[in-house]
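Working notes for the structure below.
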Amino acid sequence: MGKVYVFDHPLIQHKLTIIRDKNTGTKAFRELTDEVATLMMFEITRELPLEEVEVETPVATAKSKVLAGKKLGVIPILRAGLGMVDGIVKLVPAAKIGHVGLYRDPDTLKPVEYYVKLPSDIEERELIVTDPMLATGGSAIAAIDSLKTRGAKQISLMCLIAAPEGVEAVKEAHPDINIYVAGLDEKLNEKGYIIPGLGDAGDRLFGTK
Ligand code: PRP
Ligand code: URA
């Protein structure tokens with residue numbers, strides 16, 4: 001059974017506040033998203049399994065530890081999920097990166113898939129799907145569906161901000177998934193925007209409108 005984790009680390013919370021601020025421009029928004037992704041990844045990897053190895057230091061043999069678990073894959077949901085990738089792979093440079101292109105139809109709020117390109121060995125990898133916003137949950141659910149259809153077995157979801165509606169929808173559709181967020185907000189508005197949220201993540205990240 002998957003769990004929902006809200007990261008309350010002071011640095012994550014401080015940076016998230018600046019990300020939310022409407023006066024924060026594209027450059028700072030992008031840099032802070034990257035930093036929060038790194039900090040969240042540091043928290044997420046806390047439980048990764050280790051194994052003991054021997055390493056020769058300049059003066060002696062040390063028993064020391066290295067990562068032992070499955071290899072990782074990072075799967076950004078295009079566009080906005082891209083803003084979290086560099087911050088994650090800074091910590092796990094061997095991770096492979098796949099892409100799922102989805103946009104939310106502004107009228108129906110249903111996700112429309114337009115691109116999928118994944119590492120060939122996704123079934124052997126622990127995958128982290130990234131998207132700053134979990135609103136209705138439609139995009140995350142469709143991305144996870146797409147990954148499972150192609151053989152993925154172990155998937156988690158990492159978002160900056162989630163609405164309770166989106167969290168419930170993902171839990172119902174994919175009860176096996178862990179969901180990691182920096183902020184769990186109040187609700188969605190009638191246009192499917194997270195309240196208070198941060199606005200349109202893709203537009204703020206890439207400077208479009
Ligand atoms: C945004 C966001 C998520 C999605 C969340 O993307 O980045 O992917 O909406 O909404 P949902 O949970 O209701 O599906 P958008 O559709 O605006 O596309 P973009 O990233 O290309 O701007
Ligand atoms: N997508 C966004 O970018 N922001 C929201 O608040 C909801 C969906």
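A quick note: this is a predicted structure, and the numbers were derived from the prediction, not measured. Indexing begins at 1, ligand by ligand and atom by atom, following the structure's order.
Using a 4.0 Å heavy-atom cutoff, L109 is absent from the residues neighbouring ligand 1.
Scanning the protein for heavy atoms near atom 4 (N) of ligand 2, the closest one is G199 O, 2.8 Å. Among all protein heavy atoms, the one lying closest to atom 7 (O) of ligand 1 is D131 OD1, 2.9 Å. The nearest protein atom to atom 20 (O) of ligand 1, hydrogens excluded, is given as R79 N, 3.1 Å; this is a heavy-atom distance. What sits closest to atom 6 (O) of ligand 2 on the protein, heavy atoms only, is I194 N, 2.8 Å. In this structure, the protein non-hydrogen atom closest to atom 8 (C) of ligand 2 is R104 NH2, 3.6 Å. Atom 3 (O) of ligand 2 has A201 N, 2.8 Å as its closest protein atom, hydrogens excluded (heavy atom only). S139 OG, 3.5 Å is the protein heavy atom nearest to atom 4 (C) of ligand 1.
Checked by distance only, ligand 1 and G137 come closer than 3.5 Å through their nitrogen or oxygen atoms. No N or O atom of M133 sits closer than 3.5 Å to an N or O atom of ligand 1. The shortest N/O to N/O separation between L134 and ligand 1 does not fall below 3.5 Å. Of the N or O atoms in T136, one or more lie within a sub-3.5 Å distance of an N or O in ligand 1. Distances between N or O atoms of Y103 and those of ligand 1 include no value under 3.5 Å.
Rounded to the nearest 0.5 Å, atoms CG (L188) and CG (L134) are 9.0 Å apart.
Of all heavy-atom pairs spanning L102 and Y114, the tightest one is N-CE2, 3.3 Å.
Every atom of ligand 1 is numbered from 1 in the order shown, and the set under 4.0 Å from a heavy atom of R104 is 10 (O), 11 (P), 13 (O), 14 (O), 16 (O).
With no hydrogens or angles considered, no side-chain donor-acceptor pair links E52 and S64 at under 3.5 Å. No side-chain donor-acceptor contact under 3.5 Å links T24 and R204.
Only the side chain of A135 comes within 4.0 Å of ligand 2, judged by heavy-atom distances.
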